[in-house]
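Below you'll find the structure, written out as structure tokens, and then a few comments.
Note on naming: letters A, B, ... go to the chains in the order of the sequence lines (proteins, then strands), and numbering restarts at 1 for each one. Nothing here was measured: the structure is a model prediction, and the numbers come from that model.
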Protein chains: 2
Amino acid sequence: MQDPRINDKREDILDIAERLFAEQGFEAVSVREISREAEINIAMISYYFGSKEKLYEEIIKRKLISYKELKQGVNAFDTELEKLMFVAATVTQAFFKNRNFQKIIFREMSLNQRTHMADYLIEHMHQNFQFITDIVKRGIRKKEFKPVEVELTVMSLFAIIRMYTTSGTMICKITNKNSVEDVYDEKQRLRLIKFLRDLFTAHLLPQ
Amino acid sequence: MQDPRINDKREDILDIAERLFAEQGFEAVSVREISREAEINIAMISYYFGSKEKLYEEIIKRKLISYKELKQGVNAFDTELEKLMFVAATVTQAFFKNRNFQKIIFREMSLNQRTHMADYLIEHMHQNFQFITDIVKRGIRKKEFKPVEVELTVMSLFAIIRMYTTSGTMICKITNKNSVEDVYDEKQRLRLIKFLRDLFTAHLLPQ
DNA sequence: CAAATTTAATTAAACGTTTGTTTAATTCGC
DNA sequence: GCGAATTAAACAAACGTTTAATTAAATTTG
């Protein structure tokens, strides 16, 4: 908490390294490449973060969503469907905003490397899951929802948002967009949210 | 095509390397680890495959589904919904059977490494996408389906199967299974297929 | 306030490992 | 005894990290 510019520089390194890790994966990115891109001496990475792996862990932990606001946010809604749709919109927004980060997270969770990190992420994800699962279960109990497969339903919600978020080049090709950026503009975000609303409304509501 | 045992040994190496690449990612696996696990001399990898990267490419290309059978298979069905469900079941089966392979594929597609390989995979995936997209479009034209967002619908189908296939430890935890293997037994496969049927039936059919 | 001193930030160079690949010698099957 | 399969050893290059020296900034002192 000294010179604020020092923390700025630290944040710069974190941002640049995050991008590189998202593009290439942890092992494929060398500390030399990070230092080159961030225009710092290679020794500064050990100096700031201790090691390449600790830098990686800091990148991950700094952005893990605190679902506190989300949990408070849902209270504003009456029906479980509206709560669920609020969650879908919030998660979509967060994923759109931090696409590089999400790439790292989901790649890390699919690896058997750095198992303590994977365990940590799975535990975090599990809690979010549980929170949304409870909404759906409550909806079923109140007969607002059909008696669907709860776990698969919630998993599907994440799966769709995740795939859209992390498969930019693929979706770019499918939807005949010129640039990957076009896949993630405001219009497309709202389009995805509307789609999720339609899909899960048909799936959950009776008739 | 000489001594069949030689090809067996080659296949062994491909299988073992596939597992390692799926677990750890391309860069994290060393040729020494592959040779140790396969109980061969390290030089044999260059001897058989030329290089680590060519070994990797061979692992990928040998299992890319030929969608010929799939395209012929759908002809046995009358309605577009039944065709789509046949595709869903077939893809699920294939993904369940080759989980390690699918992990590699989707990780590779999310990386900006080995861009020619990623481009190749995206092109392949695009064709499969197109095939399924056509089914949905035909269903809409015939008024068998509601006028849904076609691309997002097809993407969702893949997204769900993919997430289920590649997030074993996660799903294991959510569903309170003891072992990851339990997530991928016959019963669970049928459960997932039934879920997909319910979800997309509600999404696609009028009312 | 300026000089002296301490602390922090930054650097170039070197460290010991590990990497993928190659070489040259040897073993094997026919 | 000849060609293919297999081996141990060596290769240069790249890796993450550390060192020791230097510059910059902050603090203390007279």
Side-chain angles (χ1 to χ4, degrees), chain A residues 1-60 104 107-108 111-117, chain B residues 1-60 104 107-108 111-117:
Chain A
M1 308 304 154
Q2 323 178 22
D3 187 341
R5 282 170 302 170
I6 289 172
N7 289 323
D8 283 359
K9 195 73 211 169
R10 255 185 76 99
E11 288 296 314
D12 279 355
I13 297 170
L14 287 166
D15 289 339
I16 287 165
E18 182 188 87
R19 198 195 78 234
L20 293 172
F21 285 139
E23 288 171 352
Q24 308 179 43
F26 178 76
E27 282 83 5
V29 178
S30 69
V31 292
R32 280 170 179 80
E33 185 172 3
I34 298 171
S35 68
R36 201 186 315 122
E37 293 271 317
E39 294 176 312
I40 52 163
N41 187 278
I42 185 177
M44 295 306 289
I45 287 171
S46 295
Y47 183 76
Y48 273 143
F49 304 100
S51 69
K52 182 189 175 186
E53 188 149 349
K54 284 179 187 164
L55 162 63
Y56 191 63
E57 289 182 7
E58 189 160 333
I59 288 173
I60 290 178
I104 293 173
R107 198 179 295 140
E108 196 63 28
L111 291 170
N112 290 21
Q113 296 277 91
R114 299 171 286 281
T115 40
H116 70 285
M117 176 86 315
Chain B
M1 305 306 155
Q2 323 178 24
D3 186 342
R5 281 170 302 170
I6 290 172
N7 287 323
D8 283 0
K9 196 72 210 170
R10 255 185 77 99
E11 287 296 314
D12 279 355
I13 298 170
L14 287 166
D15 290 339
I16 288 165
E18 182 187 87
R19 199 196 76 233
L20 293 172
F21 285 139
E23 288 172 352
Q24 309 177 43
F26 178 77
E27 282 83 6
V29 178
S30 68
V31 291
R32 279 169 181 80
E33 185 173 4
I34 298 170
S35 68
R36 202 185 317 122
E37 295 270 318
E39 295 177 308
I40 52 161
N41 187 278
I42 185 177
M44 294 307 288
I45 287 172
S46 294
Y47 183 76
Y48 274 141
F49 304 99
S51 69
K52 183 189 176 188
E53 188 148 347
K54 283 181 187 162
L55 162 63
Y56 191 64
E57 289 181 6
E58 190 160 333
I59 288 172
I60 290 178
I104 292 173
R107 199 179 295 138
E108 196 62 29
L111 292 169
N112 290 20
Q113 297 276 91
R114 297 172 287 281
T115 39
H116 69 287
M117 176 88 304

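Formation of a donor-acceptor pair under 3.5 Å by the Lys54(A) side chain with backbone atoms of Tyr48(A) is not found in this model.
Less than 4.0 Å separates DNA chain C from no heavy atom of any residue of residues 16-25 of chain B. Listed by residue number, Arg32(B), Asn41(B) are the residues of residues 26-42 of chain B with a heavy-atom contact under 4.0 Å to DNA chain D.
Per the geometry, CZ belonging to Arg10(A) stands 12 Å off P belonging to dT10(C), to the nearest Å. Straight-line distance from the OH atom of Tyr47(A) to the C1' atom of dT22(D): 13 Å, rounded to whole Å. The CD-P distance, from Glu53(B) to dG20(C), rounds to 12 Å in whole Å. Between the NZ atom of Lys54(B) and the C1' atom of dG20(C) there is a distance of 13 Å, rounded to whole Å. In this structure, Met44(B) atom CE and dT26(C) atom C1' are separated by 14 Å, rounded to whole Å. If you take CG of Leu55(A) and C1' of dG16(D), they are 12 Å apart, rounded to a whole angstrom. As rounded to whole Å, 13 Å separates atom P of dT22(C) from atom CD1 of Ile45(B).
Annotation: the span from Glu11(B) atom CD to Ile13(B) atom CD1 amounts to 10.0 Å, rounded to 0.5 Å. Annotation: the span from Phe49(A) atom CZ to Glu57(A) atom CD amounts to 12.5 Å, rounded to 0.5 Å.
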Can you list, pair by pair, the side-chain donor-acceptor contacts under 3.5 Å of residues 37-47 of chain B, counting residues two or more places apart and other chains?
| residue | atom | partner | partner atom | Å |
| --- | --- | --- | --- | --- |
| Glu37(B) | OE1 | Arg19(B) | NH2 | 2.9 |
| Asn41(B) | OD1 | Ala43(B) | N | 2.8 |

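With sequence neighbours excluded, no residue satisfies side chain to side chain donor-acceptor pair (under 3.5 Å) with Asn112(A). Shown here are the side-chain contact (heavy atoms from CB on, under 4.5 Å) partners of Ala17(A), two or more places apart in sequence or in another chain: Phe21(A), Ile34(A), Leu55(A), Ile59(A). The side chain to side chain donor-acceptor pair (under 3.5 Å) test applied to Glu33(A) returns Gln24(A), not counting sequence neighbours.
Scanning all heavy atoms of the two residues, the minimum distance from Ile104(A) to Glu18(A) falls at CD1-O, 3.5 Å.
Taking the side chain of Ala43(A) as heavy atoms from C-beta on, and the options dG20(C), dT17(D), dA12(C), the nearest nucleotide is dA12(C).
Remark: Glu53(A) does not engage Arg114(A) in a salt bridge, criterion side-chain N to carboxylate O under 4.0 Å.
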